Number of protein chains: 2
Amino acid sequence: MEYTPPPKPQLSSRANAFSIAALMSSGSSKDKESPESTIKPLEQFVEKSSCAQPLSDLSSLDPHGDFSSSPSSLCTEPLIPTTPIIPSEEMAKISCSLETKELWDKFHELGTEMIITKSGRRMFPTIRVSFSGVDPEAKYIVLMDIVPVDNKRYRYAYHRSSWLVAGKADPPLPARLYVHPDSPFTGEQLLKQMVSFEKVKLTNNELDQHGHIILNSMHKYQPRVHIIKKKDHTASLLNLKSEEFRTFIFPETVFTAVTAYQNQLITKLKIDSNPFAKGFRDSSRLTDIER
Amino acid sequence: MEYTPPPKPQLSSRANAFSIAALMSSGSSKDKESPESTIKPLEQFVEKSSCAQPLSDLSSLDPHGDFSSSPSSLCTEPLIPTTPIIPSEEMAKISCSLETKELWDKFHELGTEMIITKSGRRMFPTIRVSFSGVDPEAKYIVLMDIVPVDNKRYRYAYHRSSWLVAGKADPPLPARLYVHPDSPFTGEQLLKQMVSFEKVKLTNNELDQHGHIILNSMHKYQPRVHIIKKKDHTASLLNLKSEEFRTFIFPETVFTAVTAYQNQLITKLKIDSNPFAKGFRDSSRLTDIER
DNA sequence: GTATTCTCACCTAGGTGGGAAGTT
DNA sequence: AACTTCCCACCTAGGTGAGAATAC
């Protein structure tokens with residue numbers, strides 16, 4: 001039951017918060033303290049997305065609903081953004097697959113929850129993706145963000161073990177991008193190794209200074225993976241328009257942010273599949289007498 | 001006594017072995033398995049060094065000899081390489097200081113030893129440097145290597161607690177470069193943050209496949225730090241000639257590679273200053289009775 | 001009542017030198 | 001006799017959910 005990542009070599013990752021400005025100006029900024037004021041809204045990316053699903057279509061709460069009918073973890077279909085933008089022929093070739101799909105599917109069947117804390121909590125399962133169709137000689141920036149699925153707030157009805165709409169969403173929080181810390185990648189690297197977002201952390205602290213992704217508790221979210229082809233001579237935010245984007249969404253990775261697990265089956269699956277929670281597995285807990 | 005690095009923000013580092021070819025072709029190769037055959041001899045870099053001390057002058061074994069008379073950890077003097085090469089005006093401005101000088105000095109007084117193992121052992125103390133005089137807008141590759149100080153093999157005379165020459169050096173080993181895994185750096189990053197080589201590992205395994213630095217046991221070595229200004233359009237080994245180099249040597253970081261500590265005072269200083277060895281400090285060891 | 005925060009035992013992952021055992 | 005290898009107890013560093021305490 002414990003989840004062990006497949007043998008494909010992985011790139012390590014380091015926690016890393018980026019503003020678009022820093023990203024574009026240095027090409028590979030590793031500064032951890034990008035000032036909050038320079039972080040630009042997600043929409044700058046969304047408008048250029050080539051594979052972005054209209055998020056209003058993703059609002060099903062039923063864990064056996066729209067998402068579970070998604071046949072594949074490979075996102076290759078160009079979807080219709082509000083302002084349709086056709087990717088270049090070259091970018092259209094790129095595909096991206098979710099390496100951890102099996103485990104995500106198990107969680108998705110139950111209704112995935114992710115803990116958010118003040119200091120930041122990792123996601124489990126981890127988002128790990130592989131790319132194909134990239135140019136081995138080119139350089140790419142790979143990043144992740146997490147966007148609201150709908151405009152609702154939820155609560156969990158323990159007596160019937162299901163999620164209910166509890167009202168309108170809380171005010172939106174500062175949108176943050178998690179640029180994969182090994183960016184920029186060469187296309188050659190992307191073809192050889194999977195990209196793991198294991199170090200990304202989620203927080204409910206609106207004033208977070210660590211660059212973690214800020215979410216509202218009891219709201220439903222969709223992680224997204226973006227890839228940008230980097231041009232060597234682009235060195236400022238102004239050149240952002242000339243970058244080329246693709247956005248990939250894996251519907252089985254949708255989750256509800258919580259400060260404590262609601263569904264006990266989710267707790268059990270986390271304990272059984274996350275190596276760090278091994279101490280809570282039945283066989284290793286001390287009984288009252290042993291203690 | 002325990003050494004805590006100063007508060008200046010650090011860049012994390014990841015283990016990383018580079019061939020020059022990979023370094024130059026991708027700009028920032030993160031491939032961990034550079035084929036041995038592509039690793040080029042150190043001399044490609046040495047010939048371009050602007051601050052390389054003639055290593056034959058560094059052969060003193062007496063821990064109170066030449067090195068301790070070195071007045072400063074700031075290496076700014078251009079020294080005379082075999083083929084003198086004048087650094088560009090711009091590169092000549094760069095200076096580099098050893099952030100961990102105080103601790104290195106303590107070890108150097110006793111005669112620093114570094115453990116080498118088959119699987120690779122970290123250095124302690126760690127080499128941590130700060131740069132000044134770099135161009136904030138430029139990109140730099142920062143790397144480290146470790147070169148023999150002389151052509152001798154040594155042994156330790158326990159009864160007199162001193163090192164003796166034991167003969168001629170063993171055959172030289174494949175020279176390896178440790179490119180700092182956060183390379184390339186922007187000049188801006190280098191001015192803000194120190195560069196730490198904490199992840200570099202030393203091995204005595206000539207067939208090492210992990211990219212660790214290979215050393216002969218009972219030989220004396222000098223670590224060196226190199227900085228290369230990276231030009232965006234250079235993308236192959238052929239362009240290496242057009243890169244600009246500076247090399248910095250901190251004589252207080254010279255050490256003898258060993259498979260087990262020889263000088264008990266070195267062991268004691270390691271135990272007292274390396275947090276990972278805390279278990280061996282007097283106060284925390286169990287007596288026979290307690291055990 | 002519901003949601004959040006905090007501390008804790010219990011893990012993973014991996015860096016230490018000691019010391020026994022092995023090699024040359 | 002000198003040197004190397006291997007396993008080990010003991011650390012650092014930090015990721016888990018439980019459950020009590022607190023906040024709203």
Side-chain angles (χ1 to χ4, degrees), chain A residues 2-4 12 15 113-124 126 153-159 164 166 170 198-205 216-219 257-262 264 266-286 290-291, chain B residues 2-4 12 15 113-124 126 153-159 164 166-167 170 198-205 216-218 257-262 264 266-286 290-291:
Chain A
E2 178 172 326
Y3 180 74
T4 309
S12 69
E113 302 173 25
M114 295 286 172
I115 297 277
I116 56 179
T117 68
K118 204 172 159 185
S119 59
R121 198 77 148 192
R122 287 191 180 177
M123 295 175 68
F124 189 89
T126 298
R153 183 189 169 82
Y154 295 90
R155 68 181 186 88
Y156 190 73
Y158 289 89
H159 61 291
L164 306 173
D170 294 339
E198 62 198 357
K199 293 272 174 62
V200 70
K201 284 190 172 182
L202 313 182
T203 185
N204 57 348
N205 178 10
N216 273 318
S217 187
M218 311 309 268
H219 290 58
V258 296
T259 58
Y261 290 125
Q262 306 294 309
Q264 296 182 340
I266 287 290
T267 311
K268 184 166 175 11
L269 187 52
K270 295 250 185 179
I271 288 172
D272 286 342
S273 50
N274 187 337
F276 288 112
K278 195 172 274 183
F280 297 102
R281 296 184 191 169
D282 292 341
S283 57
S284 64
R285 299 261 37 195
L286 294 176
E290 286 166 328
R291 189 166 31 230
Chain B
E2 180 172 324
Y3 180 73
T4 309
S12 68
E113 300 173 25
M114 295 288 173
I115 297 275
I116 57 179
T117 69
K118 203 171 159 186
S119 59
R121 198 78 150 191
R122 287 191 181 177
M123 295 176 69
F124 188 90
T126 297
R153 183 188 169 82
Y154 295 92
R155 68 183 187 88
Y156 190 73
Y158 289 89
H159 61 290
L164 306 174
D170 293 338
E198 61 197 356
K199 293 272 174 63
V200 70
K201 285 191 172 181
L202 314 182
T203 184
N204 57 349
N205 179 10
N216 273 319
S217 185
M218 310 309 269
V258 296
T259 58
Y261 291 126
Q262 305 295 311
Q264 295 182 341
I266 287 291
T267 310
K268 185 167 176 8
L269 187 52
K270 295 250 185 178
I271 287 173
D272 286 343
S273 49
N274 186 338
F276 288 112
K278 194 174 276 182
F280 296 101
R281 295 181 192 170
D282 291 342
S283 57
S284 63
R285 298 256 48 192
L286 293 177
E290 286 165 328
R291 188 166 29 230

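From a predicted model like this one, the values you see are computed outputs, not experimental measurements. Residue numbers begin at 1 in each chain, while the letters A, B, ... track the order of the sequences. These numbers come from the heavy atoms of this one structure, side chains and all, not from hydrogens, waters or symmetry mates.
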Which heavy atom in [X] sits nearest to a heavy atom in [Y], and how many Å separate them?
X       : Y       : value
L164(A) : A157(A) : CD1-CB, 3.7 Å
S217(A) : V258(A) : OG-CA, 3.6 Å
F124(B) : M114(B) : O-CE, 3.2 Å

By salt bridge (charged side-chain N to carboxylate O under 4.0 Å, His left out) - contacts of R153(A) (at least two apart):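 Per chain and number, R153(A) pairs via salt bridge (charged side-chain N to carboxylate O under 4.0 Å, His left out) with D170(A).
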Output a table of nitrogen or oxygen pairs between the protein and nucleotides 20-24 of chain C separated by less than 3.5 Å.
none

Report the residues that fulfil side chain to side chain donor-acceptor pair (under 3.5 Å) with [X], sequence neighbours left out, ordered by chain and then residue number.
X       : value
E113(B) : none
N205(B) : none
Y261(A) : K270(A)
K118(A) : none

Could you list, one pair per line, each protein nitrogen or oxygen that sits under 3.5 Å from a nitrogen or oxygen of nucleotides 12-16 of chain D, together with the distance?
unit_1, atom_1, unit_2, atom_2, d
dT12(D), OP1, K278(B), NZ, 2.8
dG15(D), OP1, K201(A), NZ, 3.3
dG15(D), OP2, K201(A), NZ, 3.2
dG15(D), N2, F276(A), O, 3.0
dT16(D), OP1, N274(A), ND2, 2.8
dT16(D), O4', F276(A), O, 3.4

Helical stems, DNA chain D - three or more consecutive Watson-Crick or G-U wobble pairs below 3.5 Å: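 In DNA chain D, stems of three or more pairs: C:1-24 with D:1-24.
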Is the backbone N or O of Q262(B) less than 3.5 Å from a side-chain atom of Q264(B), with the two atoms forming a donor-acceptor pair by type? no
Please tabulate, one pair per line, each protein N/O and nucleotide N/O from nucleotides 1-4 of chain D that are separated by under 3.5 Å, including the distance.
unit_1, atom_1, unit_2, atom_2, d
dT4(D), OP1, S217(B), OG, 3.4
dT4(D), OP2, S217(B), OG, 2.9
dT4(D), OP2, T259(B), OG1, 2.6
dT4(D), O5', T259(B), OG1, 3.4

In whole angstroms, how far is the [atom2] atom of [N] from the [atom1] atom of [X]?
X       : N       : atom1 : atom2 : answer
I115(A) : dC6(C)  : CD1   : P     : 15 Å
Q264(B) : dG19(C) : CD    : P     : 11 Å
M114(B) : dG15(C) : CE    : C1'   : 14 Å
K268(B) : dG17(C) : NZ    : C1'   : 14 Å
E113(A) : dG17(D) : CD    : C1'   : 13 Å

In Å, rounded to the nearest 0.5 Å, how long is the span from [atom1] of [X] to [atom2] of [Y]?
X       : Y       : atom1 : atom2 : answer
I116(A) : N216(A) : CD1   : CG    : 7.5 Å
N274(A) : R281(A) : CG    : CZ    : 8.0 Å
I271(A) : I266(A) : CD1   : CD1   : 11.5 Å
T203(B) : I115(B) : OG1   : CD1   : 12.5 Å

Can you list the residues that meet the ring-ring contact (aromatic ring centres under 6.0 Å, His included) rule with Y156(B), with sequence neighbours excluded?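 Partners of Y156(B) by the ring-ring contact (aromatic ring centres under 6.0 Å, His included) criterion, ordered by chain and then number, come out as Y158(B), W163(B).
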Restricting both atoms to N or O, compile the protein contacts to nucleotides 20-24 of chain D shorter than 3.5 Å, with distance only.
none

Would you check if K201(B) and R121(B) make a side-chain contact, meaning some heavy-atom pair closer than 4.5 Å? no
